[in-house]
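Structure first, then comments.
Given the structure is predicted, the values throughout are model-derived calculations rather than measurements. Every chain is numbered from 1 and lettered A, B, ... according to where its sequence line falls, protein lines coming before strand lines. The basis for the numbers below is simple: all heavy atoms, side chains too, and nothing from hydrogens, waters or symmetry mates.
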Amino acid sequence: MSLSAFHALPLPIVQLSLDAVLKCGQSFRWSTFPLPQPNDASREYRLCLYDRVVCLRQSPTQLFYRSVYPDPQPSETQARLLDAETLVWLKDYFQLDVDLANLYQEWGVRDQVFLNIKERFSGIRMLRQDPWENLVSFICSSNNNISRITKMVQNLCIHYSPPLLHISDPSCLESRQAYHPFPSPSVLARPDVSAKLRSLGFGYRADFIQKTARLLVDTHGTGSETWLMNLREETTEKAREELLKFMGVGRKVADCVLLMSLDKREVIPVDTHVHQIAIKHYGLKGSANGKKINMTPKIYEEVNKKLVDVWGDYAGWAHSVS
DNA sequence: GGTCTACCTTTAGA
DNA sequence: ATCTAAAGGTAGA
């Protein structure tokens with residue numbers, strides 16, 4: 001395993017803050033490593049894709065990236081091509097063609113509440129994630145918290161996909177970290193998966209995951225992941241309708257997938273947190289007759305409509321900042 | 001078609 | 001120390 005040097009991509013921190021974006025409930029699979037103090041960046045982020053591990057660091061003006069490849073190591077010529085691919089992937093994953101400063105400006109004009117908080121939460125943008133991983137991750141998210149969701153996603157990778165490679169940290173000779181890609185639908189579709197996941201603490205979500213994988217594979221076979229990816233070309237309504245067919249996928253989870261991996265930037269997944277924000281700042285009723293209002297499909301629509309009205313086309317992106 | 005409940009597990013707060 | 005409520009909800013009645 002060679003420790004290739006980092007490449008640098010000029011990128012102002014207002015366009016992307018790794019600290020704000022990677023560990024806050026969009027993706028649950030990035031791992032972090034503390035760096036020696038003198039460095040500009042506070043920590044390194046790593047994510048295992050299907051054929052490589054991407055490592056990121058950040059300064060106020062630059063994004064540093066490198067890829068680590070499994071053996072046999074690529075030649076220098078090959079590595080140059082592969083690293084170029086990584087850059088293409090980064091631009092896609094972080095949607096760097098979208099000017100975040102512009103969006104913040106626009107949201108500030110449309111919304112006084114946003115104007116007040118925008119300085120404190122800069123650099124928060126929507127990732128463009130893999131739909132399959134995103135779907136499974138958010139099936140895990142129901143009635144759950146981020147730290148447990150993270151452990152569950154880790155467990156899925158550890159138990160259902162072999163490690164692509166290991167990285168030893170120079171700063172800590174003992175540690176030899178394994179990096180697993182996200183498991184495929186066909187592996188998670190196996191009938192014994194639900195019992196195993198239950199024993200791993202997934203609770204009732206164990207069956208949802210196995211059944212969702214099963215339905216996907218039975219319907220679309222080896223083209224399952226491509227089929228999910230192609231929902232990007234469908235309308236929001238059509239794509240949502242397809243997602244709702246899966247076990248464990250209700251409106252909220254479907255909307256997370258639509259927003260975070262299927263390019264539906266206007267979609268706002270309404271969870272309890274967003275509901276509270278809508279009540280506190282955007283004039284929605286929080287209670288009636290002294291009783292707290294529960295989330296219902298009707299309330300969901302009301303919250304959604306109001307916030308899209310306030311924030312516009314990129315409402316889903318705006319909601320992740322608030 | 002809207003409304004009510006059970007559901008796994010963990011953890012912060014009473 | 002024990003207990004409850006809530007945690008980025010959903011399926012089924």
Side-chain angles (χ1 to χ4, degrees), chain A residues 20-30 121 124-127 129 131 133-156 159 188 193-216 240-262 264-265 267-282 284-289 291-307 315-322:
Chain A
V21 163
L22 295 186
K23 299 291 272 187
C24 298
Q26 285 194 55
S27 169
F28 300 94
R29 215 156 58 84
W30 286 90
F121 300 97
I124 301 179
R125 60 170 57 240
M126 196 54 56
L127 302 176
Q129 299 189 65
E133 172 178 344
N134 197 225
L135 176 62
V136 175
S137 299
F138 278 89
I139 286 175
C140 292
S141 79
S142 81
N143 216 345
N144 210 346
N145 56 66
I146 290 181
S147 75
R148 186 176 166 212
I149 300 165
T150 304
K151 285 176 198 150
M152 288 162 70
V153 172
Q154 266 177 22
N155 267 332
L156 277 178
H159 291 271
L188 294 182
V193 164
S194 57
K196 171 81 167 177
L197 290 183
R198 238 170 215 277
S199 77
L200 288 170
F202 279 61
Y204 55 78
R205 304 163 198 82
D207 299 284
F208 293 166
I209 291 170
Q210 190 272 333
K211 283 182 172 160
T212 289
R214 180 84 269 158
L215 176 59
L216 187 60
R240 180 185 288 128
E241 184 187 325
E242 291 295 336
L243 292 172
L244 288 174
K245 292 177 182 171
F246 295 107
M247 192 65 70
V249 179
R251 176 66 190 265
K252 195 270 174 177
V253 171
D255 281 1
C256 283
V257 178
L258 289 172
L259 173 65
M260 300 181 186
S261 53
L262 297 180
K264 311 308 182 200
R265 358 178 225 270
V267 171
I268 299 178
V270 181
D271 56 31
T272 48
H273 177 64
V274 172
H275 188 200
Q276 292 312 309
I277 299 267
I279 292 168
K280 187 169 178 190
H281 297 295
Y282 301 99
L284 266 89
K285 282 193 298 248
S287 60
N289 307 323
K291 286 206 298 190
K292 189 173 71 175
I293 290 184
N294 293 321
M295 180 57 61
T296 61
K298 195 172 165 187
I299 301 292
Y300 191 108
E301 288 295 349
E302 275 180 40
V303 172
N304 204 76
K305 186 169 179 302
K306 175 63 190 174
L307 294 181
W317 286 49
H319 113 283
S320 72
V321 178
S322 305

ask   = Using a cut-off of 4.0 Å on non-hydrogen atoms, how would the nucleic acid contact of A/Val249 be classed: base, sugar-phosphate, or nothing?
value = sugar-phosphate
message = So A/Met247, base contact, sugar-phosphate only, or nothing? Heavy-atom distance under 4.0 Å.
response = sugar-phosphate
key: Nearest-angstrom distance, C1' atom, C/dA11 to B/dT10   = 22 Å
query = What's the CD1-P distance between A/Ile299 and C/dG9, to the nearest Å?
reply = 16 Å
A/Tyr300 OH to B/dG2 P, straight-line distance once rounded to whole Å = 15 Å
Contact under 4.0 Å: A/Ser147 side-chain N or O vs B/dT11 OP1/OP2 = no
query = With a 4.0 Å cut-off on heavy atoms, is A/Gly203 in touch with a base, just the backbone sugar-phosphate, or nothing at all?
reply = base
task = Taking only Lys NZ, Arg NE, NH1 and NH2, and the carboxylate oxygens of Asp or Glu, determine whether A/Asp207 and A/Arg198 approach each other closer than 4.0 Å.
result = yes
ask   = If you find the nucleotide of DNA chain C closest to A/Phe208 and the one closest to A/Val274, which residue's nucleotide is nearer the 5' end?
value = A/Val274
ask   = What nucleic acid atoms does A/Ile146 come within less than 4.0 Å of, heavy atoms only: base, sugar-phosphate, or nothing?
value = base
request  = Could you work out the separation of B/dG13 and C/dG8 based on their P atoms and round it to a whole Å?
outcome  = 13 Å
query = Out of curiosity, A/Ser137 OG to A/Arg29 CZ, how far, rounded to the nearest 0.5 Å?
reply = 8.0 Å
query = Of A/Phe202 and A/Lys151, whose closest DNA chain B nucleotide lies nearer the 5' terminus?
reply = A/Phe202
ask   = Rounding to the closest angstrom, what is the interatomic distance between C/dA5 and C/dG9 at atom C1'?
value = 16 Å
key: Gap between atoms CE and C1', on A/Met295 and B/dT3 respectively (whole Å)   = 15 Å
ask   = Base, sugar-phosphate alone, or nothing: which one does A/His275 contact when heavy atoms must sit under 4.0 Å apart?
value = nothing
message = With rounding to the closest Å, how many angstrom separate the P atoms on C/dT4 and B/dA6?
response = 15 Å
Proximity to the side chain of A/Tyr204 - top-ranked nucleotide from C/dA7, C/dT10, B/dC7 = B/dC7
query = Across the strands shown, which category fits A/Gly25 at heavy-atom distances under 4.0 angstrom: base, sugar-phosphate, nothing?
reply = base
Short side-chain to backbone donor-acceptor contact, A/Arg205 and A/Phe202, under 3.5 Å = yes
request  = Kindly compute the distance separating CG (A/Leu127) from CH2 (A/Trp30), expressed to the nearest 0.5 Å.
outcome  = 8.5 Å
Watson-Crick or G-U counterpart of B/dC8, or none if no pair lies under 3.5 Å = none
task = Hunt down the Watson-Crick or G-U wobble partner of C/dG8, both distances under 3.5 Å, from any strand shown, or write none.
result = none
request  = On DNA chain C, check which nucleotide each of A/Cys256 and A/Leu244 is closest to and give me the residue with the more 5' one.
outcome  = A/Cys256
task = Scan A/Val270 against the nucleic acid and name what it touches under 4.0 Å (heavy atoms): base, sugar-phosphate only, or nothing.
result = nothing
query = Could one point to a donor on the side chain of A/Arg148 or the base of B/dT9 with an acceptor on the other under 3.5 Å away?
reply = yes
key: A/Met247 backbone acceptor or donor facing A/Thr212 side chain under 3.5 Å   = yes
query = So what does A/Cys140 touch, heavy atoms closer than 4.0 Å: a base, only the sugar-phosphate, or nothing?
reply = nothing
query = B/dT5 and C/dA6: how far apart are their P atoms, nearest whole angstrom?
reply = 15 Å
ask   = In Å, rounded to the nearest 0.5 Å, how long is the span from CG of A/Leu284 to CD1 of A/Ile299?
value = 7.5 Å
key: Atom C1', compared across B/dG2 and C/dA13: separation rounded to whole Å   = 13 Å
request  = Taking only the side-chain nitrogens and oxygens of A/Arg198, find out if one of them lies under 4.0 Å from OP1 or OP2 of B/dC8.
outcome  = yes
